[in-house]
Amino acid sequence: MLSAPKGTHDLLPEALATWQYFENTARSIMERANFHEIRTPLFEATSLFERGVGDTTDIVNKEMYTFEKGDRQLTLRPENTAGVVRAYIQHGMDRCPKPVKLYYLGPMFRYERPQAGRQRQFHQAGVELFGLDTPQSDASVILLAWDLFTTLGIPDLALEINNVGCFDCRDDFKNQLRAILLPFKDSLCEDCQKRYETNPLRMLDCKSEKCKAIYASEAVANFLEADHTCEACQQHFNALLIILTQCNIQFHHNKMLVRGLDYYTRTVFEITSTHLGAQNAVCGGGRYNGLVKTLGGPDTPAVGWALGVERLISLIPPQHPASLDFYIASDDPGSALLLAQQIQHQGFSVEVDLSGKNLGKQLTQANKLQAGQVIILGETERQQNQITLKDMAKGLQETVDKDSFLTSLKRPPVSSVLR
RNA sequence: GCGAUCGUAGCCUAGCGGUUAAGGCCCCUGAUUGUGGUUCAGGAUAUCGUGGGUUCGAAUCCCAUCGGUCGCCCCA
């Protein structure tokens with residue numbers, strides 16, 4: 001049997017009620033914070049990701065869906081920051097009043113082994129703020145994420161935050177870290193020996209007991225305890241923590257927190273949940289002051305985050321599709337369809353029998369569809385320009401004038417999430 | 001890329017070497033051609049993931065493969 005490709009899922013109507021609830025809430029909250037939506041292509045030049053995300057990262061090295069058309073190398077986007085930055089540069093958005101605040105929502109693609117909270121096609125929602133290098137701009141995007149999660153009622157979240165420094169002090173730190181770990185290099189696990197060369201910061205996150213013991217040993221621990229970022233980075237980070245505290249945001253300064261994408265500078269953060277599986281990060285982001293310039297634009301500081309929609313949705317109570325307001329039971333399709341349209345124009349949902357069933361069958365159908373009310377529009381009613389209105393829960397019905405029924409219809413209250 | 005585990009109708013489950021693979025939900029028809037839900041009667045839907053092997057005989061045992069799920073790695 002044909003099935004959806006490995007690591008992809010069909011989203012069926014039942015599940016989409018929750019998705020739409022999330023999307024409406026997210027859009028509403030981001031728009032109210034004056035972020036505006038941007039939609040970039042699902043695929044981009046491969047070189048964009050190689051330069052933007054970093055050619056030593058796992059994402060670029062082994063997780064990209066890359067293909068060739070003509071002489072073009074293209075890649076399905078594995079994340080969207082690079083694409084948004086490309087669009088920012090291409091459309092001269094540095095001429096827009098600063099900060100430029102954008103958000104996006106859509107599918108991403110990574111070739112990985114699927115597991116809980118990880119698929120090959122998954123969805124992210126994210127924000128990017130361009131043109132400010134202030135701690136308050138970092139705080140504003142973190143606050144926005146926190147506001148979204150709070151509004152959605154997600155319990156047991158933790159904000160982990162760290163300062164990875166700017167390009168200059170981070171390289172210094174990496175070299176110092178290599179120097180201090182050099183005596184232990186041969187006793188590190190296989191992975192860490194590789195990380196020692198490629199991405200030493202990652203070693204600190206290792207789960208191997210052997211490595212953990214080394215990193216916890218006095219000499220190493222003392223080294224890690226100290227802040228090795230430069231004066232400016234430290235000031236930025238401390239100011240950010242003060243603002244977060246003022247805003248009553250609980251955070252954990254996790255000195256081991258590093259991110260897998262090369263473009264981050266200074267602030268990095270992650271929001272995790274204890275209700276997820278091994279992939280417990282629901283949102284991740286940080287500052288990326290070098291990326292716009294790296295991709296050929298003007299030197300522009302920026303900060304942003306992305307959240308995993310599937311992971312997030314698994315944390316919110318399932319929503320149910322809106323119930324059916326009316327079912328029209330009739331033996332005359334023309335007048336039934338016309339009446340349905342008139343009621344729909346008043347903002348109600350209506351189903352009409354399209355199969356020519358008899359009245360009993362149509363009521364059975366209405367019952368299965370859980371229609372609130374059935375409108376019986378038979379020959380008798382039509383002759384008098386009337387309808388019979390039957391309340392399915394109470395089982396009561398009355399025959400009323402059709403036109404006065406239509407004028408009495410009031411628009412139902414629309415979900416407060418929609419603006 | 002590595003490891004663990006599971007595959008029986010659309011869904012849930014029984015069967016664990018021996019007739020025609022059983023039950024529940026869902027779906028369809030009728031009792032009921034202007035009144036639903038309940039009930040009753042009937043019906044449809046499965047090459048038991050696929051391929052090979054062992055056996056007189058395989059859904060059942062063995063091997064391979066594919067797919068799902070979970071974990072490592074990494075990330076949202």
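Below, read A as the first sequence line, B as the second, and so on, with proteins coming before strands; counting in each chain starts at 1. The structure displayed is predicted, hence computed values, not measured ones.
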> When the C1' atoms of B:G34 and B:G24 are compared, how many Å lie between them, rounded to an integer?
35 Å
> Among the nucleotides B:U35, B:A76, B:G36, which one has an atom lying closest to any side-chain atom of A:Met392?
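Comparing B:U35, B:A76, B:G36 against the side chain of A:Met392, the answer is B:G36.
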> Could you tell me how far apart A:Gln362 (CD) and B:G37 (P) are, to the nearest whole angstrom?
14 Å
> Using a cut-off of strictly less than 4.0 Å between a heavy atom of the residue and any atom of RNA chain B, enumerate the qualifying residues of residues 139-166 of chain A by number.
none
> Mind checking if A:Gly284 touches a base, just sugar-phosphate, or nothing, with heavy atoms under 4.0 Å?
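If one applies the 4.0 Å heavy-atom cut-off, A:Gly284 turns out to touch the sugar-phosphate alone, with no base involved.
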> Side chain to side chain contact (heavy atoms under 4.5 Å, CB included) with A:Gln90: which residues, sequence neighbours excluded?
A:Arg86
> More than 12 non-hydrogen atoms from neighbouring residues, nucleotides or ligands closer than 6.0 Å to CZ on A:Phe251, yes or no?
yes
> What do you reckon, is CZ of A:Phe43 surrounded by more than 12 foreign heavy atoms closer than 6.0 Å?
no
> Please list residues of residues 307-319 of chain A whose heavy atoms come under 4.0 Å from any atom in RNA chain B, ordered by number; otherwise none.
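The stretch gives A:Gly308, A:Arg311 as the residues lying under 4.0 Å from the strand, ordered by number.
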> Does this structure show an ion pair linking A:Arg110 with A:Asp58, if we count only N-O contacts that are shorter than 4.0 Å?
no
> What's the CG-P distance between A:Asn358 and B:A31, to the nearest Å?
9 Å
> What is the distance from CD of A:Gln365 to C1' of B:U35, rounded to the nearest Å?
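It works out to 15 Å between those atoms.
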> Is it true that, when you exclude A:Gln250 itself, more than 12 heavy atoms of the residues, nucleotides or ligands shown sit nearer than 6.0 Å to its CD?
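Not more than 12 within 6.0 Å, no.
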> What interatomic distance, in whole Å, is found between P of B:C63 and the corresponding atom of B:A4?
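Here B:A4 and B:C63 have their P atoms 13 Å from each other.
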> Expressed as a whole number of Å, how far does the P atom of B:U39 sit from that of B:G57?
47 Å
> Taking atom P in both B:G23 and B:G15, what distance in whole Å separates the two?
15 Å
> If you look at every strand shown and take non-hydrogen atoms under 4.0 Å, does A:Glu381 touch a base, only sugar-phosphate, or nothing?
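The residue A:Glu381 makes base contact.
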> How about A:Lys255: does its NZ atom have over 12 heavy atoms from other parts shown lying under 6.0 Å from it?
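Atom NZ in A:Lys255 is packed in, count exceeds 12.
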> Which of parallel (below 30°), tilted (30 to 60°) and perpendicular (above 60°) describes A:Tyr88 and A:Phe130?
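The arrangement is parallel - the two ring planes meet at less than 30°.
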> With respect to A:Arg266, which candidate in A:Asp138, A:Asp168, A:Asp133 satisfies the salt bridge (Lys or Arg N to Asp or Glu O under 4.0 Å) definition?
A:Asp133
> Just the rounded figure in Å: distance from C1' of B:C2 to OH of A:Tyr111.
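Distance check: A:Tyr111 OH to B:C2 C1' gives 14 Å.
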> Measure from CG on A:Asn61 to C1' on B:C73 and round the result to the nearest Å.
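After rounding, the reported distance stands at 13 Å.
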> Sticking with atom C1', work out how far B:A14 lies from B:G71, rounded to a whole angstrom.
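Comparing C1' positions in B:A14 and B:G71 gives a spacing of 31 Å.
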> Can you see if the side chain of A:Lys368 gets near the phosphate of B:C28 - specifically, an N or O under 4.0 Å from OP1 or OP2?
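Affirmative; the distance criterion is met.
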> Taking all non-hydrogen atoms of both residues, which atom of A:Asn254 and which atom of A:Met256 are closest, and how far apart?
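Between these two residues, the closest heavy atoms are OD1-N, 2.9 Å.
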> Which part of the nucleic acid, if any, lies within contact of A:Glu379, taking any heavy atom under 4.0 Å across all strands shown: a base, the sugar-phosphate backbone alone, or nothing?
base
> Using atom P in both nucleotides, what's the gap between B:U47 and B:U8 to the nearest angstrom?
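Their P atoms lie roughly 12 Å apart.
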> Identify the two heavy atoms, one from A:Ser137 and one from A:Val303, that lie closest to each other, and give their separation to 0.1 Å.
O-CG1, 4.0 Å
> Between atom CG in A:Asp331 and atom P in B:U35, what is the gap in whole Å?
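Roughly 13 Å, once rounded to whole Å.
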> How many whole angstroms separate atom NZ of A:Lys357 from atom C1' of B:U32?
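One finds 15 Å between C1' of B:U32 and NZ of A:Lys357, rounded.
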> Hey, are A:Asp403 and A:Asn385 close enough side-chain-wise for a donor-acceptor pair under 3.5 Å?
yes
> Flag yes if more than 12 heavy atoms outside A:Arg178 fall under 6.0 Å of its CZ atom; otherwise flag no.
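For A:Arg178, atom CZ is crowded (more than 12 foreign heavy atoms under 6.0 Å).
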> My validator wants the stems of RNA chain B: runs of 3 or more consecutive Watson-Crick or G-U pairs, both distances under 3.5 Å, written as range with range.
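Stems found: B:1-7 with B:66-72, B:10-13 with B:22-25, B:27-31 with B:39-43, B:49-53 with B:61-65.
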> Please state how far atom NZ in A:Lys361 lies from atom C1' in B:C28, giving the value in whole angstrom units.
9 Å
> Which comes earlier along RNA chain B counting from the 5' end, the contact point of A:Asn367 or that of A:Val282, where each point is its nearest nucleotide?
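Of the two residues, A:Asn367 wins.
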> May I ask you to check whether A:Arg27 and A:Asn24 show a side-chain donor-acceptor distance below 3.5 Å?
no
> Could you run through nucleotides 65-71 of chain B and give me one letter per nucleotide, 5' to 3': B if any protein heavy atom sits under 4.0 Å from the base, S if only the sugar-phosphate is that close, - if neither?
---SSBB
> Could you check whether A:Glu112 gets within reach of a base, just the sugar-phosphate, or nothing at all, counting any heavy atom under 4.0 Å?
base
> Ring pair (Phe, Tyr, Trp, His ring centres under 6.0 Å) with A:Phe35: which residues, sequence neighbours excluded?
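By the ring pair (Phe, Tyr, Trp, His ring centres under 6.0 Å) rule, A:Phe35 matches no residue at all.
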> With rounding to whole Å, what would you report as the distance between B:U50 and B:A21 at their P atoms?
15 Å
> Over 60° means perpendicular and under 30° means parallel, so classify the ring planes of A:Phe223 and A:Phe173, tilted if in between.
parallel
> Please determine whether side chain to side chain contact (heavy atoms under 4.5 Å, CB included) holds for the pair A:Thr229 and A:Phe237, giving the CA-CA distance in whole Å, both sets of side-chain angles, and the decisive distance to 0.1 Å.
CA-CA 10 Å; A:Thr229 59; A:Phe237 190 61; over 6 Å; no
> Using the P atom as the point on both nucleotides, what is the distance between B:U33 and B:U29, in whole Å?
13 Å
